A.B. asks: 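What follows is a single structure, and I will ask about it in a moment.
Worth saying up front: this structure is predicted, and the values here are computed from it rather than measured. Nothing fancy with the numbering, it's 1 onward along the sequence.
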Amino acid sequence: MYKKLIVVLPLAISLAVLQGCGDNSREDGNKEEKTAVEKVSEPKVEIDEEEVEEPVKFELEEVSIAVKTNDNVTADDFNAMFTQESEEKFPNGKYELKDGTIINADTFSYVSSDFFDYANVVFFDGKIAHMQIESKSSIEEIEQGIGVSFEGARIEEFKFGTGYEIIFNEKFADENIAVYPNEW
């Protein structure tokens, strides 16, 4: 029996030690697994210096819309920008003012564009004197769209319909004209 005890005792001690080691390794293994899980959930970023690109820099180019004053826009300029209506033009048209004065001015009508549905423009002494513009656009959109500054002009909304009367020269305001070129 003593021989059995000598064989069984080291075996039992070995098993007890192994079992104890197994329990500890199991707990440590769980901790390692938790740690491993935590490490997996954290992204690992490795940067290869050769792959790093310089930041891209964008430079914004300022774009300006050339808005001319009515002093700079001639009938030829306006005709180049917009299509004339073939029947409604009176080059060197004759106007009679209410005070009896007769003056001549170029008067042209223009068909629909991106900024107006219809326009009638009077040019006097090489400048825009008067404009009637039928449009659903705002006055600011029209001003930018046709490239003419309305600064210093009298702007009146149409009483009927949608549009504006823009008066640069008071001689050509409706209340000052007795006879228009199409009425002679």
Side-chain angles (χ1 to χ4, degrees), residues 43 45 47-184:
V45 179
I47 299 175
D48 185 6
E49 288 184 21
E50 292 177 14
E51 292 180 17
V52 175
E53 295 180 14
E54 291 293 320
V56 179
K57 295 181 182 178
F58 292 99
E59 290 185 25
L60 297 178
E61 182 179 321
E62 189 172 316
V63 177
S64 61
I65 299 173
V67 177
K68 297 181 176 184
T69 63
N70 62 318
D71 292 340
N72 299 349
V73 179
T74 65
D76 291 336
D77 292 337
F78 215 84
N79 290 336
M81 292 186 288
F82 304 104
T83 306
Q84 275 189 16
E85 187 176 276
S86 59
E87 296 177 21
E88 292 280 327
K89 56 180 157 179
F90 300 94
N92 206 28
K94 188 166 139 181
Y95 286 83
E96 183 178 342
L97 303 180
K98 289 201 175 170
D99 67 1
T101 306
I102 305 279
I103 56 175
N104 290 51
D106 296 327
T107 305
F108 302 106
S109 295
Y110 299 89
V111 297
S112 181
S113 77
D114 291 339
F115 311 103
F116 56 80
D117 299 322
Y118 175 84
N120 183 285
V121 184
V122 178
F123 297 90
F124 181 69
D125 287 339
K127 303 175 191 174
I128 297 174
H130 182 268
M131 301 173 88
Q132 288 182 325
I133 297 179
E134 292 179 17
S135 178
K136 293 179 181 154
S137 300
S138 71
I139 194 70
E140 292 82 12
E141 292 170 327
I142 296 168
E143 182 177 30
Q144 283 188 339
I146 64 175
V148 175
S149 172
F150 296 158
E151 187 176 328
R154 179 168 50 128
I155 301 169
E156 297 177 358
E157 284 191 51
F158 285 169
K159 293 177 180 97
F160 303 101
T162 55
Y164 303 92
E165 184 170 4
I166 301 131
I167 304 160
F168 294 98
N169 184 331
E170 286 297 323
K171 288 180 186 178
F172 293 92
D174 287 344
E175 62 269 13
N176 293 330
I177 299 176
V179 181
Y180 289 90
N182 63 335
E183 297 174 333
W184 291 94

A.B. asks: For the CD1 atom of I133 and the OH atom of Y110, what is their distance to the nearest 0.5 Å?
C.D. replies: 11.0 Å

A.B. asks: Mind checking whether M131 and I146 have side chains closer than 4.5 Å, heavy atoms only?
C.D. replies: yes

A.B. asks: Not counting sequence neighbours, which residues clear side-chain hydrogen bond (donor to acceptor under 3.5 Å, both in side chains) with E165? List them please.
C.D. replies: H130

A.B. asks: For side-chain contact (heavy atoms from CB on, under 4.5 Å), just list the numbers for F82 and F108, CA-CA rounded to whole Å, side-chain angles, deciding distance to a tenth of an Å, and then say yes or no.
C.D. replies: CA-CA 11 Å; F82 304 104; F108 302 106; over 6 Å; no

A.B. asks: Would you give me the side-chain donor-acceptor pairs under 3.5 Å for residues 177-184, sequence neighbours excluded?
C.D. replies:
residue	atom	partner	partner atom	Å
Y180	OH	D174	OD1	2.8
E183	OE1	Y180	N	2.9
W184	NE1	K94	O	2.7

A.B. asks: Can you measure from CD (E170) to CG (L97) and round to the nearest 0.5 angstrom?
C.D. replies: 12.0 Å

A.B. asks: So which atom in R154 and which in A173 form the shortest heavy-atom distance, rounded to 0.1 Å?
C.D. replies: NH2-CB, 3.2 Å

A.B. asks: I'd like to check the ring-ring contact (aromatic ring centres under 6.0 Å, His included) partners of Y164; sequence neighbours left out, ordered by chain and number.
C.D. replies: none

A.B. asks: Please list, chain by chain and in numerical order, all residues satisfying ring-ring contact (aromatic ring centres under 6.0 Å, His included) with F115, sequence neighbours excluded.
C.D. replies: none

A.B. asks: What distance do D125 atom CG and K171 atom NZ have between them, rounded to the nearest 0.5 Å?
C.D. replies: 7.0 Å

A.B. asks: Given 3.5 Å as the limit, does a donor-acceptor pair link the side chain of D106 with the main chain of N92, or not?
C.D. replies: yes

A.B. asks: Quick one, F158 and Q132 - any side-chain contact, counting heavy atoms below 4.5 Å?
C.D. replies: yes

A.B. asks: Is any side-chain heavy atom of K98 closer than 4.5 Å to one of N176?
C.D. replies: no

A.B. asks: Residues in side-chain hydrogen bond (donor to acceptor under 3.5 Å, both in side chains) with N120, at least two apart?
C.D. replies: S109

A.B. asks: Calculate, to the nearest 0.5 Å, the distance between atoms CG and NZ belonging to D117 and K136 respectively.
C.D. replies: 6.5 Å

A.B. asks: Measuring from Q144:CD to S138:OG, what's the distance to the nearest 0.5 Å?
C.D. replies: 8.5 Å

A.B. asks: Quick check: do V148 and F168 have side-chain heavy atoms less than 4.5 Å from each other?
C.D. replies: yes

A.B. asks: Can you confirm whether N169 sits close enough to V122 that some side-chain heavy atom of one is under 4.5 Å from a side-chain heavy atom of the other?
C.D. replies: no

A.B. asks: Do T74 and D76 pair up side chain to side chain, a donor and an acceptor below 3.5 Å, judged on atom types alone?
C.D. replies: no

A.B. asks: Calculate, to the nearest 0.5 Å, the distance between atoms CD1 and CZ belonging to I166 and F150 respectively.
C.D. replies: 4.0 Å

A.B. asks: Which residues satisfy the ring-ring contact (aromatic ring centres under 6.0 Å, His included) test with F124, sequence neighbours excluded?
C.D. replies: F172

A.B. asks: Are any of the side-chain heavy atoms of Y118 and E88 separated by less than 4.5 Å?
C.D. replies: yes

A.B. asks: Please examine the side chains of T107 and V121, heavy atoms only from C-beta on, and report whether any two atoms are closer than 4.5 Å.
C.D. replies: no

A.B. asks: Counting only heavy atoms not in E87, do more than 12 sit closer than 6.0 Å to its CD atom?
C.D. replies: no

A.B. asks: Tell me, do I102 and Y95 make a side-chain contact under 4.5 Å, heavy atoms counted?
C.D. replies: no

